[in-house]
Amino acid sequence: MALAGSPRAKKGILERLDSGEIVVGDGSFLFTLEKRGFVKAGLWTPEAVVEHPSAVRQLHTEFLRAGADVLQTFTFSATEDNMDSKWEAVNAAACDLAQEVAGGGDALVAGGICQTSLYKYHKDETRIKNIFRLQLEVFARKNVDFLIAEYFEHVEEAVWAVEVLREVGAPVAVTMCIGPEGDMHDVTPGECAVKLARAGADIIGVNCRFGPWTSLQTMKLMKEGLRDASLQAHLMVQCLGFHTPDYGKGGFVDLPEYPFGLEPRVATRWDIQKYAREAYNLGVRYIGGCCGFEPYHIRAIAEELAPERGFLPPASEKHGSWGSGLDMHTKPWIRARARREYWENLLPASGRPFCPSLSKPDA
């Protein structure tokens, strides 16, 4: 199959999804840049866009080359309540970096907001909406292609975010960081999806907190909720790049390995190909990743869905499909691994003889 060629005429997010196109999202910024030494854990704020713009630009470039159709602005938690006076410069710089890189391909730029640090303490709708509105003003000034409200654990706050983002008339996506048990007030995934659709969201789904298979379970429940309410919205999933079957209600943040000992849980590229196929079969057409999702994971999505999309990402030039590049190896037992059946059926060992397969969530 041919690699992606020169940039095509740029189509908007809803034009792509309405026509049945698959949209590949991007992946991890906070976790990846923390490992590279540019983000501080705990604060999880994106000063790197002004302090180390080359690092952020490089990661955007890697995701674009891997096949991402959307580059999110690195603006997670870049709000007045988290960053004081720095918030505006960070949001503006994040837009500039994403747009600069997206201009080298066919990618759209999505301005991203997330849940506030205030909601859990006091549910001041006016104050919280004003925080969202400040970021939105920057996104509108920078003319991003569409908007994403992500990482909401309470559907009420997610609804407020959608209501604010709709004020500028751009398409709005919203994702919640919930599992099959629903939000932190026990609103089910189906009910969450209905509330978000009625608030005006064009694209609805989940991101972060949970691994691939749990996230797809939640998406199934959201899809059923929308169907039962006779509502329509495009579906979106951006799960963790970690396996978390032993999750608590809060997801991976409750695991004792969070955030510095999660490497043994990293999904393989073959896990992510399976995730992409199952998401597609479920009817999800916006498929990406969140924390732990490296560029090679995004490439795995793009390669798995290449038959439907009609092309491979540029990064596939250096990656043989299903290990086919190994057929040149000098060792016959490694040459024997140059086939799909081998990697599809592999059960990877951890190399840690005294480690349990699961742990007990702290919460």
Side-chain angles (χ1 to χ4, degrees), residues 1-11 16 21-29 31-33 35-36 54-72 74 97-110 212 238-239 241 266-280 285-290 292-344 346 348:
M1 184 175 295
L3 298 171
S6 58
R8 298 161 287 170
K10 191 170 182 179
K11 296 187 289 184
R16 297 181 190 208
E21 278 190 38
I22 299 164
V23 172
V24 178
D26 60 6
S28 169
F29 273 79
F31 265 58
T32 295
L33 290 172
K35 290 175 181 176
R36 295 181 182 184
S54 61
V56 178
R57 183 184 296 108
Q58 175 64 27
L59 190 50
H60 277 311
T61 301
E62 290 177 30
F63 283 126
L64 181 67
R65 177 173 164 77
D69 297 307
V70 175
L71 301 182
Q72 287 187 228
F74 186 29
L97 285 169
Q99 289 173 324
E100 174 191 339
V101 176
D106 188 37
L108 301 171
V109 172
Q238 299 207 114
C239 69
V266 173
T268 70
R269 65 195 69 192
W270 316 118
D271 292 328
I272 298 308
Q273 288 208 207
K274 182 179 180 182
Y275 152 75
R277 180 55 57 190
E278 293 194 12
Y280 179 85
R285 292 296 178 266
Y286 189 139
I287 306 169
C290 199
F293 245 82
E294 298 293 327
Y296 72 92
H297 290 123
I298 297 302
R299 182 181 63 191
I301 295 174
E303 289 184 343
E304 175 61 30
L305 299 175
E308 288 79 12
R309 302 176 81 209
F311 60 91
L312 289 163
S316 291
E317 182 181 3
K318 300 295 185 181
H319 186 239
S321 178
W322 291 103
S324 60
L326 298 178
D327 60 10
M328 300 174 64
H329 203 279
T330 58
K331 308 296 184 186
W333 59 90
I334 295 180
R335 288 201 301 274
R337 298 172 187 170
R339 55 193 175 90
R340 177 172 183 153
E341 293 76 15
Y342 178 86
W343 297 108
E344 272 192 321
L346 179 71

- Task: State, to 0.1 Å, how close Ile287 and Ala276 come at their nearest heavy-atom pair, and which atoms those are.
- Result: CD1-O, 3.9 Å
- Is there a donor-acceptor contact under 3.5 Å from the side chain of His60 to the main chain of Arg57? no
- In Å and rounded to the nearest 0.5 Å, what is the CD1 to OG distance from Ile298 to Ser28? 10.0 Å
- Query: Are His329 and Arg337 close enough that a side-chain donor and a side-chain acceptor fall under 3.5 Å?
  - Reply: no
- Over all atoms of both residues, closest heavy-atom pair of Ile272 and Pro212: CD1-CG, 4.3 Å
- Are any side-chain N or O atoms of Arg335 and backbone N or O atoms of Thr330, one a donor and one an acceptor, separated by less than 3.5 Å? yes
- Message: Is there a side-chain contact (heavy atoms from CB on, under 4.5 Å) between Glu303 and Arg269? Walk through the geometry before answering.
- Response: CA-CA 10 Å; Glu303 289 184 343; Arg269 65 195 69 192; over 6 Å; no
- Atom pair CG (Leu71) and CD (Gln99), whose distance is rounded to the nearest 0.5 Å: 10.0 Å
- Query: Quick check: does any side chain N or O of His319 sit under 3.5 Å from a backbone N or O of Ala300, one acting as donor and the other as acceptor?
  - Reply: no
- Message: Check this for me: Lys35, atom NZ, are more than 12 non-hydrogen atoms of other residues, nucleotides or ligands nearer than 6.0 Å?
- Response: yes
- Which value, rounded to the nearest 0.5 Å, describes the distance between Glu304 atom CD and Ile22 atom CD1? 9.5 Å
- Taking the side chain as every heavy atom from C-beta outward, state whether His297 and Glu294 have any atom pair closer than 4.5 Å. yes
- Query: What's the shortest heavy-atom distance between Gly67 and Ala302, and which atoms?
  - Reply: CA-CB, 4.2 Å
- Query: Do Trp343 and Thr268 come close enough that some side-chain heavy atom pair is under 4.5 Å?
  - Reply: no
- For side-chain contact (heavy atoms from CB on, under 4.5 Å), just list the numbers for Tyr280 and Leu305, CA-CA rounded to whole Å, side-chain angles, deciding distance to a tenth of an Å, and then say yes or no. CA-CA 8 Å; Tyr280 179 85; Leu305 299 175; 3.9 Å; yes
- Message: Distance check, rounded to the nearest 0.5 Å: Arg309 atom CZ versus Asp69 atom CG?
- Response: 4.5 Å
- Message: Applying side-chain contact (heavy atoms from CB on, under 4.5 Å) to Trp322 and Glu341, what does each step give before you reach the verdict?
- Response: CA-CA 9 Å; Trp322 291 103; Glu341 293 76 15; over 6 Å; no
- Task: Might you work through the side-chain contact (heavy atoms from CB on, under 4.5 Å) test for Gln273 and Arg340, ending with a clear yes or no?
- Result: CA-CA 11 Å; Gln273 288 208 207; Arg340 177 172 183 153; 5.8 Å; no
- Note on the structure: One should read off an interatomic distance between Arg285 CZ and Arg16 CZ, to the nearest 0.5 angstrom, of 16.0 Å
- NZ/Lys10 to CG/Leu108 distance, rounded to the nearest 0.5 angstrom? 5.5 Å
- Do Glu308 and Arg277 meet the salt-bridge criterion of a basic N to acidic O distance under 4.0 Å? yes
- When Thr61, Asp26, Leu64, Leu59 are each screened for side-chain contact (heavy atoms from CB on, under 4.5 Å) with Pro295, the one that passes is Leu59
- Message: With a 4.5 Å cut-off on side-chain heavy atoms, are Ile301 and Phe293 touching?
- Response: yes
- Query: What orientation do Phe29 and Phe63 show, parallel under 30°, tilted 30 to 60°, or perpendicular over 60°?
  - Reply: tilted
